[in-house]
Every structure is written in structure tokens, then in C-alpha cells.
Amino acid sequence: RRVASVSDFIIRRTRKYVGASQGSGQFITLYPPLEEYFVNAQRPPTKTDGDAKVLFYGRLSTEKGIDLLLRAWRKLNPPATLSILGMDGPLRAEVEDIAAARDDICLLDPVPHAEVPALIAAHDIVCCPSRVEESLCRTVLEARWLERTIVTTQSGAIPEVIRDYPLAHAINVRTDDLEAASHLAIALHNAIQNP
């Protein structure tokens, strides 16, 4: 009788799947709440001098775009550091090798989720180059709540999470990885140069 979902994106997909009209009151979006430790977290301002600190937080897989980020990072070679809080994934060994060969990339050990707000707040930019149609994208939501600059994609529900957020840099991911890496490198450059 009623369908609740975590984002307007999923509601639109559900309506399309079942053939429901746009005006139907049967569907409602109920955004999931943030935990109290996120709501109460400190939000220090991002620094405007020195090297920027960029954070990738997610699964080490092509779906989450870690390979795209590393390709863009090599292309850009920015005056910044990249911290990777990577959950296990099929690209873990590749990410470990790249991080070991570079002094501007650091692979962080996993932390309990209650420690994530402080980790995000310790960085200036959060990069979420997801290639999948995210149902909400918790990483982007958490980075927005903590008032970080966000570099991300126009994937799934991400556009509604960053809507009207002036610190967001979003790109469209195409099937051509080389082109996507170039677009991501430009977005990262803009975020680093204009904190």
C-alpha cells in the first residue's frame, strides 16, 4: 500500500518499474538518520594554506572508482596528499602497491565507524568517484554534514545529496575510463585550488 525508500532516485526507479504515476502518494522518501556521533561531531574549517588533504573512503573496487581516482591522481600529481580508508575489495593489492611506491598516498587501517567523523574532519576534500548508481551514498552525505569539499560523480542519488551544496564538484562518469579520469583530475584540481 505504501512504499518507503532511502532516496528520491530509488523512488523514481521504483515508480518506473511498477508503472506508477508521478502524482501517486503511495511512495515516500525517508532519508536515513545520521548517528548521534556524526550529528555531534566537530566541524573544523578546512585550511586554506599548505597542501590539501584528500580522503577516499570506501570499498577498493572499480564500482567505487578507486582505480579512476588513482589514475586521475597520477595524471594530476597535485600539491596534496591522498589518504585511502579502503574497505576490502578486489583492487586492494593494486592500491597497496601504488601507495607503497608514492609518498603522497597513504593507505589507512580500518577504523570503527564511530571514528569516521574525526577522520573526515581531518581532511579538506572527500573524493567519492563512484561508477555505480548509488541508492544514497553515505560517504557523500557524511562529508556534506561535516562541511568538507566533495569531489564526486553524478551517480544515482548523489545529485540529490549534493543539491545546493556549494562545496561539491561533480562529474559525469562515462564508459571511457581515460576520459573519466581526465574529468576527475580537473574536478580534483578545482577543489584543491579553490578550497
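Below, each value reflects all heavy atoms present in this structure, side chains not excepted, and no hydrogens, waters or symmetry copies.
Taking both residues in full, the closest heavy atoms of Pro90 and Arg59 are given as CD-NH1, 3.4 Å, listed atom of the first, atom of the second, then distance. Smallest separation of non-hydrogen atoms from Ile10 and Ser5: CG2-OG, 2.7 Å. Here the closest non-hydrogen pair linking Ile125 and Ala52 is CD1-CB, 4.3 Å. Summarising the geometry of Leu85 relative to Asp109, their closest heavy-atom pair is CD1-O, 3.3 Å, with the distance given to 0.1 Å. Looking at every heavy atom in both residues, Asp124 comes nearest to Asp51 through OD2-O, 4.2 Å.
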Ile186 and His189: CA distance, side-chain angles, deciding distance, side chain to side chain contact (heavy atoms under 4.5 Å, CB included) verdict: CA-CA 5 Å; Ile186 292 167; His189 173 79; 5.6 Å; no
Does Val54 form a side chain to side chain contact (heavy atoms under 4.5 Å, CB included) with Trp73? I'd like the steps, not just the answer. CA-CA 11 Å; Val54 180; Trp73 196 263; 4.0 Å; yes
I would like to know whether Arg12 and Tyr17 meet side chain to side chain contact (heavy atoms under 4.5 Å, CB included); could you show each step before the answer? CA-CA 9 Å; Arg12 285 191 302 275; Tyr17 179 75; over 6 Å; no
Could you please spell out the steps behind the side chain to side chain donor-acceptor pair (under 3.5 Å) verdict for Glu147 and Tyr165? CA-CA 9 Å; Glu147 300 174 351; Tyr165 184 59; over 6 Å; no
Candidate pair Ile105 and Leu70, rule side chain to side chain contact (heavy atoms under 4.5 Å, CB included), full reasoning: CA-CA 9 Å; Ile105 300 176; Leu70 292 172; 4.0 Å; yes
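Thr81 and Asp104 share no donor-acceptor pair across their side chains, judged by distance under 3.5 Å alone.
The shortest distance between side-chain heavy atoms of Trp145 and Arg43 falls below 4.5 Å. Residues Leu141 and Leu136 form a side-chain contact, since some pair of their non-hydrogen atoms from C-beta on lies under 4.5 Å apart. With contacts defined as side-chain heavy-atom distances shorter than 4.5 Å, the pair Pro129/Leu184 qualifies.
One finds the CG atom of Asp8 at 12.5 Å from the CZ atom of Phe27 (value rounded to the nearest 0.5 Å). Taking OG1 of Thr62 as the start and CG of Leu68 as the end, the distance is 10.0 Å to the nearest 0.5 Å. Rounded to the nearest 0.5 angstrom, Asn172 CG and Thr153 OG1 are separated by 8.5 Å. The SG atom of Cys127 sits 15.0 Å away from the OH atom of Tyr57 when rounded to the nearest 0.5 Å. Taking SG from Cys128 and CD1 from Ile162, the interatomic distance works out to 10.0 Å, rounded to the nearest 0.5 Å. The structure places CZ of Arg144 at 9.0 Å from CG of Leu167, a figure rounded to the nearest 0.5 Å.
Contact check on Arg148 versus Glu142 returns no salt bridge, with no Lys/Arg side-chain nitrogen under 4.0 Å from an Asp/Glu carboxylate oxygen. A salt bridge links Arg131 with Asp67: the distance from a Lys NZ or Arg NE/NH1/NH2 to an Asp or Glu carboxylate oxygen falls below 4.0 Å. Ion pairing between a basic and an acidic side chain is recognised when a charged N comes within 4.0 Å of a carboxylate O; Lys75 and Glu179 show no such pairing.
Taking Arg92 as the reference, Asp88, Glu96 meet the salt bridge (charged side-chain N to carboxylate O under 4.0 Å, His left out) condition, with sequence neighbours excluded.
Residues Phe9 and Leu30 do not share a hydrophobic cluster, defined by chaining ILVMFWY side chains whose heavy atoms lie under 4.5 Å apart. The same ILVMFWY cluster, assembled from side-chain heavy atoms under 4.5 Å apart, contains both Val6 and Val39.
Ring to ring, Phe56 and His123 are not that close: their centroids are 6.0 angstrom or more apart.
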